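In what follows, a structure is listed as structure tokens, so that the remarks can point back to it.
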Number of protein chains: 2
Amino acid sequence: MTGQVRTVDGRVAGRRGQATRQKLLDCLSEMLSSSPYRDVKVIDVARRAGTSPATFYQYFPDVEGAVLEIAEQMAAEGAELTQLLEGRSWVGKAGWQTSQELVEGFLDFWRKNDAILRVVDLGAAEGDKRFYKIRMKILNSVNNSLTDTVKELQAKGKVDKDVSPAAMAGSIVAMLAAVASHQRGFQTWGVKQHELRPNLAMLVHLGVTGKKPTK
Amino acid sequence: MTGQVRTVDGRVAGRRGQATRQKLLDCLSEMLSSSPYRDVKVIDVARRAGTSPATFYQYFPDVEGAVLEIAEQMAAEGAELTQLLEGRSWVGKAGWQTSQELVEGFLDFWRKNDAILRVVDLGAAEGDKRFYKIRMKILNSVNNSLTDTVKELQAKGKVDKDVSPAAMAGSIVAMLAAVASHQRGFQTWGVKQHELRPNLAMLVHLGVTGKKPTK
DNA sequence: TCGGTAAGCTGACGGCATGACAGGACAGGT
DNA sequence: ACCTGTCCTGTCATGCCGTCAGCTTACCGA
């Protein structure tokens, strides 16, 4: 189940092969950061990796296939996002803390992986189920946890009955993802990073608990 | 200043030429809805329009250039979004109404233009200033109006001093745009359209006024 | 009616990326 | 030194890109 790495034609990749493969992924990753997705060519990736296009096709069916691979790796790392919510309190000052740390962690993760996340977002929006699944995998931990929190608060009567926990959580998570992927844009819009984060945290807190945070 | 339509090589386009040009734009628009942006080829667009690739290059420098054109047209239509906020009240029941109508109008606009908006979003996220400007143009009316509203409420002491109106408005608008572009995704996530909208409206209201709406 | 002129369109072409294959280079074991 | 399976690349057919010269069409003034 460890998922032996295989070439397109079915051979098992050895140590050297895996290194080459990883190098291609790394170079593709760099290219995605520096040029539009539409313009990323196999030949450029291969050149940058000091190898030939044919080698690329030995490990990946096409650019999209390689992108999916990178995205999977990132999604695996994204499991850390769960920690931002596990066992946290949403009451009083601790609630404000939780909210702030969620925003912080989320934006940082997004910033670290912005290039690949852009492509994943596009793929998902275009209806590609594979990309959609990866996006889910990253967002689900946060989303589920938020949904549960809202449900609990609702059970205690602290949140209105007519709130749909799933819809609320989904909206909040979508907001976080959107703001994260347009962080640069906000700066152009005259919004400073240190203004953005607390306000986002406020909005998250408002959405989850229905109340202003205690600071 | 009416912006005479010109071909790439500087000729003035006549009636026939403009028709061809528009047909190409329409076909490109369709293609964007039905296949991934990365895979849209000039030759396919031309074929679909019943013309030759060379004709395409007479009117547009490349696919991206044509996409920008479509986006501009859409942005112009997007001016209607301003009406969702002009002269509206954010107090009491009227405030809840405003919030609901904003969400409604926004999601509808996004759904109507989802294909092109995806590409605009990608371009903006990739740092392309032209796409970013178009995205701004669409979102700005809503954003500015929301910013003003928050400022006013803040001046009256109804919203905390430490809220940054621009950051709050920007976050809300980003959320609307994000949820809008993943509307289909929400359904897969088990969230129904009729649940989503009121919850979004609630979040908008909470963000703008800091209070739960009066229903 | 008849050119003249500019708009409009396309066939054809060099250039480049794609994707497949066969064969050569290389590392590890005997 | 030799063998074996892994690994890489040169080469090729195919197809799209982007450009140009040149042909057709529409319009207009004489």
Side-chain angles (χ1 to χ4, degrees), chain A residues 2-32 34-70 119 123, chain B residues 2-28 30-32 34-70 119 123 128:
Chain A
T2 48
Q4 253 185 341
V5 180
R6 286 183 174 275
T7 57
V8 168
D9 56 339
R11 275 207 309 276
V12 179
R15 206 186 316 170
R16 188 148 79 110
Q18 288 195 30
T20 307
R21 195 183 128 98
Q22 191 56 50
K23 176 147 205 178
L24 284 168
L25 287 178
D26 291 345
C27 291
L28 172 55
S29 225
E30 287 171 33
M31 300 233 53
L32 285 175
S34 61
S35 54
Y37 178 47
R38 201 168 194 284
D39 298 340
V40 171
K41 308 289 179 197
V42 169
I43 198 171
D44 296 323
V45 178
R47 258 202 286 265
R48 184 185 276 245
T51 179
S52 80
T55 302
F56 182 96
Y57 287 105
Q58 195 153 50
Y59 295 106
F60 311 102
D62 49 25
V63 172
E64 201 186 72
V67 166
L68 276 166
E69 192 75 20
I70 297 176
V119 181
Chain B
T2 48
Q4 255 184 337
V5 180
R6 286 181 173 279
T7 57
V8 168
D9 56 340
R11 279 206 304 275
V12 179
R15 205 187 317 165
R16 191 156 158 244
Q18 289 194 29
T20 305
R21 197 181 127 99
Q22 190 57 49
K23 176 146 205 179
L24 283 167
L25 288 177
D26 292 344
C27 291
L28 173 55
E30 287 170 32
M31 299 232 52
L32 285 175
S34 60
S35 54
Y37 178 48
R38 198 166 198 283
D39 298 340
V40 171
K41 309 288 180 198
V42 169
I43 198 170
D44 296 323
V45 177
R47 259 201 285 264
R48 184 185 277 245
T51 180
S52 80
T55 302
F56 182 95
Y57 287 104
Q58 197 154 49
Y59 295 106
F60 311 102
D62 49 26
V63 173
E64 198 187 74
V67 166
L68 276 166
E69 192 77 18
I70 296 176
V119 181
D128 186 309

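In the text below, chain A, chain B and the rest are named by the order of the sequence lines, each starting its count at 1. This structure is a prediction, so every number in the text was calculated from the model and none was measured.
Atom C1' of nucleotide C:dA20 and atom CG of A:Asp62 are separated by 14 Å, given to the nearest angstrom. Atom CZ of B:Phe56 and atom C1' of D:dC20 are 18 Å apart (whole Å). Between the P atom of C:dG19 and the CZ atom of A:Phe60 lies a distance of 14 Å, rounded to the nearest Å. Put simply, CD1 on B:Ile43 is 11 Å from P on C:dG11, counting in whole angstrom units. Distance, B:Arg6 CZ to C:dG8 C1': 16 Å, rounded to whole Å. Taking atom CZ of B:Arg38 as the reference point, atom C1' of C:dT18 lies 11 Å away to the nearest angstrom. D:dC16 atom P lies 8 Å from atom NZ of B:Lys41, rounded to whole Å. Between the CD atom of B:Glu64 and the C1' atom of D:dC17 there is a distance of 15 Å, given to the nearest Å.
As judged by a 4.0 angstrom heavy-atom cut-off over every strand, B:Arg11 is placed among the base-contacting residues. Counting any heavy atom pair closer than 4.0 Å across all strands shown, B:Tyr59 reaches sugar-phosphate atoms only and no base atom.
Taking a cutoff of 4.0 Å between a charged side-chain nitrogen and a carboxylate oxygen, B:Asp26 and B:Lys23 do not qualify as a salt bridge. A salt bridge links A:Arg21 and A:Glu69; the closest N-O separation between the charged side-chain nitrogens and carboxylate oxygens is under 4.0 Å. The pair B:Asp44-B:Lys41 does not meet the salt-bridge criterion, since no charged nitrogen lies less than 4.0 angstrom from a carboxylate oxygen.
Put simply, A:Thr20 has no side-chain N or O that comes within less than 4.0 Å of OP1 or OP2 on D:dC7. A sub-4.0 Å separation between OP1 or OP2 of D:dT6 and a side-chain N or O of A:Thr7 is absent.
Residue B:Gln58 has its side chain nearest to C:dC9 when only C:dA17, C:dC9, D:dC16 are considered. Among the nucleotides C:dC21, C:dT18, C:dG11, the one closest to the side chain of A:Ala54 is C:dC21. The side chain of A:Thr55 lies closest to D:dT9, out of C:dG8, D:dT9, C:dA17. Here the nucleotide nearest the side chain of A:Tyr57, chosen from C:dG8, C:dT18, D:dC7, is C:dT18.
Here OG1 of B:Thr51 is found 8.5 Å from OH of B:Tyr59. Values are rounded to the nearest 0.5 Å.
Considering only heavy atoms from C-beta on, B:Val8 stays 4.5 Å or farther from B:Phe60 through its side chain.
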